[in-house]
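Because the structure is predicted, anything quoted here is derived from the model rather than measured.
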Amino acid sequence: MRIRKTKLSDLDRIMRIYEGARRFMAEHGNPRQWGGNLWPPKGLIERDVAEGHSYVCENDAGETVGTFFFVCGRDVEPCYRVIRGGEWTGGDSYGVVHRIASDFSEKGIGSFCLNWAYENCKNLRIDTHGDNYVMQSLLRKLGFRRCGIIYVEQDPEPRIAFEKTKENT
């Protein structure tokens, strides 16, 4: 597998991956995280591509099998400024992964994407819905630690915040 920046020509494939991810989450006890509002919207993904923060994962045959948002820098996620019931430990400079999804065609796509992001930014943060047990399990398996609760502007549901740093792995 390999990771590359998303091109606008990838957009239709990415939206199909998100459609399948919404279906998967609903079937696995997490129907609200992306389901009710058809998250993420196409316009947001187009903006991610234009800003250079959207990535795809390709399998060895060159087929797009996963996608995610990734950015690394100082204080890059405004909704992470307030964390309840815990704290971040890695400082003000960190990477963020959002909107990670795969087409489930191969085992290990999510792990590959998250490991790539961590290799590119050794302080990595991510959040997920409380009902997303599949993602929570993956994050723990990869060495992320639960830090507290955050809220995103798009949804009033709390999100569990995770972080992986050199110090906590």
Side-chain angles (χ1 to χ4, degrees), residues 1-8 10-11 13-15 17-18 20-22 24-25 30 33-34 39-40 44-60 62-81 83 86-129 132-150 152-154 159-169:
M1 284 190 261
R2 76 178 187 107
I3 303 294
R4 67 166 171 81
K5 288 207 179 223
T6 304
K7 299 179 274 193
L8 282 177
D10 297 316
L11 205 54
R13 175 70 180 133
I14 287 171
M15 297 315 291
I17 289 173
Y18 283 129
R22 286 190 297 272
F24 176 88
M25 286 193 286
N30 183 23
Q33 184 170 351
W34 288 356
W39 190 259
L44 177 60
I45 305 307
E46 289 171 334
R47 188 181 82 203
D48 292 346
V49 172
E51 293 175 355
H53 302 307
S54 181
Y55 293 83
V56 295
C57 177
E58 293 180 330
N59 65 13
D60 293 338
E63 300 163 336
T64 298
V65 295
T67 185
F68 60 100
F69 169 96
F70 171 72
V71 65
C72 189
R74 187 169 181 78
D75 196 27
V76 292
E77 178 52 73
C79 72
Y80 286 175
R81 290 179 188 144
I83 185 166
E87 64 184 354
W88 302 112
T89 60
D92 292 340
S93 186
Y94 55 87
V96 175
V97 171
H98 287 311
R99 300 182 283 286
I100 185 168
S102 81
D103 69 357
F104 308 101
S105 63
E106 299 181 35
K107 190 169 174 64
I109 296 168
S111 295
F112 187 84
C113 294
L114 288 167
N115 287 331
W116 178 91
Y118 179 72
E119 288 304 313
N120 283 276
C121 193
K122 295 292 188 181
N123 179 14
L124 190 60
R125 296 177 183 177
I126 188 170
D127 63 86
T128 192
H129 195 279
N132 196 339
Y133 300 113
V134 173
M135 180 57 75
Q136 291 173 51
S137 177
L138 175 62
L139 293 172
R140 284 191 299 275
K141 178 182 134 192
L142 294 177
F144 285 79
R145 119 182 140 70
R146 182 185 171 133
C147 292
I149 300 294
I150 60 99
V152 298
E153 66 181 56
Q154 302 87 357
R159 297 293 195 270
I160 302 170
F162 289 86
E163 183 177 46
K164 182 176 181 177
T165 67
K166 290 185 284 188
E167 291 77 32
N168 73 6
T169 56

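For the atom pair Arg13 CZ and Glu63 CD, the distance stands at 8.0 Å (nearest 0.5 Å). Atom CD1 of Ile17 is separated from atom CD1 of Ile100 by 11.0 Å, given to the nearest 0.5 angstrom. For the atom pair Thr128 OG1 and Asn30 CG, the distance stands at 6.5 Å (nearest 0.5 Å). The CE atom of Met1 sits 7.5 Å away from atom CG of Asp60, with the distance rounded to the nearest 0.5 Å. The structure places CD1 of Ile126 at 11.0 Å from CD of Gln136, a figure rounded to the nearest 0.5 Å. Atom CD1 in Ile149 sits 5.5 Å away from atom CD1 in Ile160 (nearest 0.5 Å).
In this structure a side-chain-to-backbone donor-acceptor pair under 3.5 Å is missing from Arg99 to Pro40. Here the side chain of Asn120 pairs no donor or acceptor atom with the backbone of Ala117 at under 3.5 angstrom. Remark: the backbone N or O of Gly90 is paired with a side-chain donor or acceptor of Asn123 at under 3.5 angstrom. The backbone N or O of Leu142 sits less than 3.5 Å from a side-chain atom of Lys164, completing a donor-acceptor pair.
When side chains are defined from C-beta on, Lys166 counts as touching Tyr118, because their heavy atoms get closer than 4.5 Å. Side-chain contact between Thr6 and Asp48 is absent, with no heavy-atom pair separated by less than 4.5 Å. Contact check for Phe24 versus Val134: side-chain heavy atoms found under the 4.5 Å cut-off. Counting only heavy atoms from C-beta outward, the side chains of Phe69 and Leu44 never approach each other to under 4.5 Å. Side-chain contact between Arg4 and Thr64 is present, with at least one heavy-atom pair separated by less than 4.5 Å. Considering only heavy atoms from C-beta on, Asp10 stays 4.5 Å or farther from Leu8 through its side chain.
Between Tyr80 and His98, the shortest heavy-atom distance links the atoms OH-CE1, 3.5 Å.
Aromatic ring orientation, Tyr94 versus Trp88: parallel (interplanar angle below 30°, classes split at 30° and 60°). Taking the six-membered ring where tryptophan is involved, the planes of Trp116 and Tyr55 are tilted, since the angle between them lies from 30° to 60°.
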Taking only distance into account, with no hydrogens and no angle test, what donor-acceptor pairs under 3.5 Å do side-chain atoms of residues 105-114 form with protein atoms, sequence neighbours excluded?
residue, atom, partner, partner atom, Å
Ser105, OG, Asp103, OD1, 2.7
Ser105, OG, Asp103, OD2, 3.4
Glu106, OE2, Asn59, ND2, 3.0

- Would Arg159 and His129 satisfy side-chain contact (heavy atoms from CB on, under 4.5 Å), going step by step from the backbone distance to the final call? CA-CA 5 Å; Arg159 297 293 195 270; His129 195 279; 3.7 Å; yes
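Listed by chain and residue number, Arg47 satisfy the salt bridge (charged side-chain N to carboxylate O under 4.0 Å, His left out) test with Glu51 (two or more places apart in sequence, or in another chain). The disulfide bond (SG atoms under 2.5 Å apart) search around Cys72 returns Cys121, not counting sequence neighbours.
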